[in-house]
Amino acid sequence: MTKNPTTRIPHPPIRFAAAATLALALAACGSGQPRAADPEFRGLDRAQRSADPEAAAGRPAVVAGGDRIEWSDLRAALSESAGAVAIEEAILGRELRRRAAEINFDPAGAITAEERLLVESVAADAQVPPSQAGELVARFRADRGLGPARYRALLERSAILRRLIAAEITLTPEELDLAAQLGYGPRIRARYYVAPSQSRAAAVRDALLRSAETTPISIAFAQQAMADSIDPTAARGGLLDPISPVDPALPAVVRSALENAQPGALTQVLSLDVGYALLLIEDRIPGRAPTAAELAQIERRVRTRKERFAMEQLARQILADTKTTVFDPALRWSWESRPGIEPQQ
């Protein structure tokens with residue numbers, strides 16, 4: 001049976017996506033890799049905001065070694081390196097502003113809330129108070145080329161998208177209960193071994209059970225994982241971060257194996273997309289009931305996650321539905337070279 005090498009047990013376990021992820025998605029929606037991280041993209045942002053005033057004043061874009069570099073010298077390179085992203089953002093911005101006007105929604109007041117959500121999410125990911133997240137947000141913006149103009153435009157798009165999808169967001173008791181279990185329920189500390197064939201995994205399992213008569217199985221398992229496991233956890237003896245047995249990101253066969261397993265238990269060989277695996281249960285970590293404040297936070301996170309998904313879907317749909325013809329040669333090259341776009345013959 002052919003195995004898909006891209007699927008594996010997630011470690012650390014599933015977490016809620018931050019608004020930072022949404023910001024990246026909407027800053028380069030449909031573009032695959034985030035070209036906004038390129039240094040040239042930050043130059044494009046400045047060029048878009050400053051080209052006309054500078055040209056009118058007779059100033060060049062750059063002076064280097066005493067030589068003038070005009071905007072016309074940079075235009076093609078900037079267009080090729082980041083033109084597709086700029087086009088997508090322009091399409092989204094115009095269409096979203098049109099839709100906002102149709103429902104009499106003014107995003108100006110919502111932009112502050114969008115920025116606060118971004119700050120809170122970056123802070124939560126870094127496990128620091130929001131008051132200490134300023135440097136992290138600045139780094140996030142710099143990495144993605146979000147200067148003053150693009151940053152505000154991003155927040156505006158997010159505010160409008162959030163308003164447009166608000167009516168379709170509902171939370172179910174089952175979703176909230178699962179989120180509470182993932183955040184505060186019991187967890188399992190385990191070691192993970194993956195072999196490319198079922199016969200190899202079975203042979204390793206038999207050897208581990210035999211060696212348990214003279215060597216603690218945890219030590220033997222760690223040594224075996226470091227010796228020839230094909231999973232990235234091999235370097236640390238197969239040790240996984242604590243995982244929840246109800247995490248839907250885990251394959252069903254893994255959740256079933258973890259359900260009632262006790263410390264010291266070695267699972268049967270598990271057939272996964274990445275190969276054939278063994279799990280050694282090292283410890284079961286008790287959960288606890290979340291507080292009222294934590295429950296409120298869980299609800300906010302679940303809502304934000306569902307909003308993020310719906311917003312990304314709407315943004316992608318807008319781009320897909322918008323007929324776009326690019327005349328400028330450099331911009332057209334960038335537009336037609338987007339990941340997932342078949343090259344023109």
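Applying the salt bridge (charged side-chain N to carboxylate O under 4.0 Å, His left out) criterion to R255, with sequence neighbours excluded, gives no partner residue. Partners of E115 under the salt bridge (charged side-chain N to carboxylate O under 4.0 Å, His left out) rule, at least two apart in sequence or in another chain, do not exist in this structure. Evaluation of the side-chain hydrogen bond (donor to acceptor under 3.5 Å, both in side chains) rule for Q132 yields no partner, not counting sequence neighbours. Looking at residues two or more places apart in sequence or on another chain, you find no salt bridge (charged side-chain N to carboxylate O under 4.0 Å, His left out) involving R152. Partners of D283 according to the salt bridge (charged side-chain N to carboxylate O under 4.0 Å, His left out) rule, which considers only residues two or more places apart in sequence or in another chain, are R189. Every residue two or more places apart in sequence or in another chain that forms a side-chain hydrogen bond (donor to acceptor under 3.5 Å, both in side chains) with E70 is listed here: R68. The side-chain hydrogen bond (donor to acceptor under 3.5 Å, both in side chains) search around D228 returns Y193, R200, Q224, not counting sequence neighbours. Residues passing the side-chain hydrogen bond (donor to acceptor under 3.5 Å, both in side chains) test with S197, sequence neighbours excluded: S199. E95 is linked by a side chain to side chain contact (heavy atoms under 4.5 Å, CB included) to R98, R99, I318, counting only residues two or more places apart in sequence or in another chain.
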Walk me through it: do L136 and R139 pass the test side-chain contact (heavy atoms from CB on, under 4.5 Å)?
CA-CA 5 Å; L136 297 174; R139 190 184 312 155; 3.7 Å; yes
Does V194 form a side-chain contact (heavy atoms from CB on, under 4.5 Å) with T233? I'd like the steps, not just the answer.
CA-CA 9 Å; V194 183; T233 57; over 6 Å; no
Candidate pair Y151 and L118, rule side-chain contact (heavy atoms from CB on, under 4.5 Å), full reasoning:
CA-CA 11 Å; Y151 182 53; L118 174 62; 3.7 Å; yes
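For the atom pair I87 CD1 and L331 CG, the distance stands at 4.5 Å (nearest 0.5 Å). Note that OG of S218 is 10.5 Å distant from CG of L208, once rounded to the nearest 0.5 Å. Note that CG of L270 and CG of L258 are 8.5 Å apart. Values are rounded to the nearest 0.5 Å. Atoms NZ and CD, on K306 and E175 in that order, are 3.5 Å from each other to the nearest 0.5 Å. One finds the CZ atom of R97 at 12.0 Å from the CG atom of D106 (value rounded to the nearest 0.5 Å). Remark: L176 CG to E299 CD distance equals 6.0 Å, nearest 0.5 Å.
There is no side-chain donor-acceptor pair under 3.5 Å between D231 and S229.
Under a hydrophobic clustering in which Ile, Leu, Val, Met, Phe, Trp and Tyr are joined whenever their side-chain heavy atoms come within less than 4.5 Å, directly or via other members, I298 and L171 fall into the same cluster. Both M311 and I103 are part of a single hydrophobic cluster, where members link through side-chain heavy atoms under 4.5 Å apart. Cluster annotation: L209 and V269 are assigned to the same hydrophobic cluster (Ile/Leu/Val/Met/Phe/Trp/Tyr, side-chain heavy-atom contacts under 4.5 Å, transitive). One hydrophobic cluster, built from ILVMFWY side chains closer than 4.5 Å, cannot hold both I285 and L240; they sit in different ones. Hydrophobic clustering (ILVMFWY, side-chain heavy atoms < 4.5 Å, transitive): M226 and L239 are in distinct clusters.
Between E120 and R300 there is no salt bridge, since no side-chain N of the basic residue sits under 4.0 Å from a carboxylate O of the acidic one. The pair E312-R316 does not meet the salt-bridge criterion, since no charged nitrogen lies less than 4.0 angstrom from a carboxylate oxygen.
Considering every non-hydrogen atom in both Q268 and L278, the closest pair reads O-CD2, 3.9 Å. The minimum heavy-atom distance linking I169 with R303 is given by the pair CG2-NH1, 3.9 Å. Between I160 and F105, the shortest heavy-atom contact is CA-CE2, 3.9 Å. Here the shortest heavy-atom pairing between I230 and P196 reads CD1-N, 4.0 Å. Taking every heavy atom of both residues into account, A277 and L272 meet most closely at CB-CD1, 3.7 Å. Nearest heavy-atom pair, A212 versus I217, reported as atom, atom and distance to 0.1 Å: CB-CB, 4.4 Å.
For residues 202-224, no pair satisfies salt bridge (Lys or Arg N to Asp or Glu O under 4.0 Å), with sequence neighbours left out. The list of side-chain hydrogen bond (donor to acceptor under 3.5 Å, both in side chains) pairs with a residue in residues 317-331, not counting sequence neighbours, reads R75-D328, Q317-D321.
Panel note: side chain S334, backbone A82; no donor-acceptor pair is recorded below 3.5 Å. With hydrogens and angles ignored, the 3.5 Å screen pairs a side-chain donor or acceptor of T267 with a backbone N or O of L279. Q262 places a side-chain N or O within 3.5 Å of a backbone atom of N260 that can act as its donor or acceptor partner. For the pair S121 (side chain) and L117 (backbone), a donor-acceptor distance under 3.5 Å is present. In this structure, R191 contributes its side chain and E282 its backbone to no donor-acceptor pair below 3.5 Å. Without hydrogens or angle criteria, R150 side chain to G145 main chain gives a donor-acceptor distance under 3.5 Å.
The only option from L161, L92, I111 that meets the side chain to side chain contact (heavy atoms under 4.5 Å, CB included) definition with E156 turns out to be I111.
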May I have the list of side-chain donor-acceptor pairs in residues 177-184 shorter than 3.5 Å, sequence neighbours left out?
| residue | atom | partner | partner atom | Å |
| --- | --- | --- | --- | --- |
| D177 | OD2 | Q181 | NE2 | 2.8 |

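When the shell of 6.0 Å around CD of E294 is examined, it contains more than 12 heavy atoms from other residues, nucleotides or ligands.
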